Amino acid sequence: MSVTRSNNPSIIAFGSVNIDISARVNHFPAPGETLHAHDAGLGLGGKGANQAVAAARLGADVRLVGRTGDDPLADFAADSLRRHGVGAENLYRSAGDLTGLAMICTDSGGENTIVVVGGANMAIDGTDIARLVPLLTPGAIVLMQCEIPLDALRAAAQAVMQAGARLILDPAPVPQDGLPPDLFPLAELMTPNETETERLTGLRPHDAESARHAADRLHRLGLRRAIVKLGARGVLYSDEYGHGFVPPFTVDAVDSTAAGDCFNGGLAVALSSGMDLAGATRYAAACGALATTRRGASDAAPTRPEVERLLTAQPA
């Protein structure tokens, strides 16, 4: 099934904006080791920005509510968002703060390590939620992540529910003390990977069966719909109608940096077009798989024709 843009509910990302400083190495450095990188780059990142760009590159009408610092990197971030088709008029420049930074190393196998400096993202508060609320309409899909203060995340989630909008929460990174219990019923859907699922449920999923047991635990916590991402092993989806599994797509992976964010952006677009959870999960999985075939974060997001070609080439 393909997605269409007309008459779809709007998509709003509320979350982090970073500038990514990336380096490609043969292997990750051991403690005390200095490595020379093959190359390096500067690009737009942060889970809020990545998910917004991923949805926009699929043709969706997307708005981002977030913060940058009051520094030259803020201009880079805003220009990058606009270049990708994301409305950035609700991107606030936070005086006295640095724009968020992420330092990314990617090895020859496409795996990565990331160190994040939250910067202005950690200053998000009620004034940002006040910018979010006028954008919320019944049926609108809101993408959130855990790279902002937890109190702001909870308040924003409550505003989404009160407006009759739909929250897709990416619980990444899971806070040290886990997520507060009241967040689970506020979200329509959560999309944890293996590590995040273990932090939330105590179960480390490794296949469809273990992912199903973990999803059941998420439901018992109050979550209506769950998607458990198993990386190269596929994706399990679960709701009140039962469970299903999407096998992995076969692609030549070079960099997994923003695969999860592209998954969530694709999921929002597919759900906004009226797909059921099974179809939307498969569409999102294709987006995430394609993101691994190119380097970078926001710049790795696929376009709608690319996704539809993969879905056609590797049918369910």
Side-chain angles (χ1 to χ4, degrees), residues 9-16 47-48 51 65 124-126 128-130 132-205 210-229 235-244 260-261 263-265 267-268 270-272 274-278 280-281 284:
S10 61
I11 295 175
I12 304 152
F14 182 81
S16 57
K47 288 187 171 296
Q51 293 181 17
V65 179
I124 286 178
D125 60 17
D128 302 281
I129 297 170
L132 170 68
V133 168
L135 304 178
L136 299 176
T137 56
I141 293 180
V142 183
L143 292 160
M144 293 189 198
Q145 320 78 30
C146 295
E147 290 184 331
I148 62 174
L150 188 55
D151 287 345
L153 175 64
R154 292 170 70 184
Q158 290 166 350
V160 170
M161 174 166 279
Q162 290 167 2
R166 307 166 66 186
L167 173 59
I168 298 175
L169 178 59
D170 182 356
V174 176
Q176 188 66 34
D177 296 329
L179 292 178
D182 58 347
L183 258 181
F184 291 90
L186 290 174
E188 174 179 328
L189 206 160
M190 283 190 193
T191 61
N193 64 17
E194 306 103 303
T195 302
E196 294 145 7
T197 299
E198 184 177 22
R199 292 287 304 278
L200 295 173
T201 69
L203 294 177
R204 175 83 178 192
S210 57
R212 183 179 68 81
H213 288 304
D216 287 341
R217 288 199 181 183
L218 290 170
H219 292 316
R220 289 196 291 272
L221 291 170
L223 183 64
R224 286 168 283 167
R225 310 171 95 180
I227 289 178
V228 179
K229 298 179 290 191
V235 187
L236 179 123
Y237 59 89
S238 178
D239 62 11
E240 66 270 27
Y241 302 108
H243 308 281
D261 294 329
F263 181 102
N264 277 43
L267 182 67
L271 290 174
S272 73
M275 285 192 197
D276 61 13
L277 186 59
T281 302

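Everything numeric here is computed off the predicted structure, so don't read it as measured data. When a residue number appears, it is its place in the shown sequence, counting from 1.
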Going from CG on Leu221 to CZ on Phe184, what distance comes out if it is rounded to the nearest 0.5 angstrom?
5.0 Å
Test item: Tyr241 and Leu277 side chains (from C-beta on) under 4.5 Å apart, heavy atoms
no
What heavy-atom pair brings Glu196 and Ala172 nearest, and what distance separates the two atoms?
OE2-CB, 3.0 Å
Heavy atoms of Ala268 and Ile168 approach each other most closely as CA-CD1, 3.9 Å
Contacts of Arg224 meeting salt bridge (charged side-chain N to carboxylate O under 4.0 Å, His left out) (sequence neighbours excluded), chain-then-number -> none
Closest heavy-atom contact between Leu267 and Ala284?
N-CB, 3.6 Å
Compare all side-chain heavy atoms of Pro192 with those of Thr201 and state whether any distance is below 4.5 angstrom.
no
Test: Asp216 and Arg220 ion pair at under 4.0 Å
no
Quick one: does Lys229's side chain have a donor or acceptor within less than 3.5 Å of a partner on Thr191's backbone?
yes
Leu150 CG to Leu179 CG distance, which is reported to the nearest 0.5 Å
7.0 Å
Identify the two heavy atoms, one from Ala226 and one from Ala215, that lie closest to each other, and give their separation to 0.1 Å.
CB-CB, 4.3 Å
Only residue of Val160, Ile12, Asp170 satisfying side chain to side chain contact (heavy atoms under 4.5 Å, CB included) with Met144 is Val160
Passes side chain to side chain contact (heavy atoms under 4.5 Å, CB included), Thr197 versus Arg217? Steps please.
CA-CA 10 Å; Thr197 299; Arg217 288 199 181 183; over 6 Å; no
Are any of the side-chain heavy atoms of Leu186 and Leu169 separated by less than 4.5 Å?
no
Min side-chain heavy-atom separation Val174-Cys146 under 4.5 Å
no
Any idea which heavy atoms bring Ala163 and Leu136 closest together, and the distance?
CB-CB, 3.6 Å
Here the gap from Met190 atom CE to Leu167 atom CG, rounded to the nearest 0.5 Å, amounts to 8.0 Å
Taking atom CG of Leu143 and atom CD1 of Ile11, what is their separation to the nearest 0.5 Å?
6.5 Å
Run Ile129 and Phe14 through side chain to side chain contact (heavy atoms under 4.5 Å, CB included) and show every step you take.
CA-CA 9 Å; Ile129 297 170; Phe14 182 81; 4.0 Å; yes
Spacing of CG belonging to Asn264 relative to CD1 belonging to Ile141, to within rounding of 0.5 Å:
11.0 Å
Shortest non-hydrogen contact from Asp239 to Arg225?
CB-CG, 3.8 Å
Would you say the side-chain atoms of Ser10 pair up with the backbone N or O of Ala140, donor to acceptor, closer than 3.5 Å?
no
Whether the side chain of Arg199 engages the backbone of Pro175 through a donor-acceptor N/O pair (distance < 3.5 Å, no angle test) should be reported.
yes
Quick one: pull up CD1 in Ile148 and CG in Asp128 and give me the separation to the nearest 0.5 Å.
8.5 Å
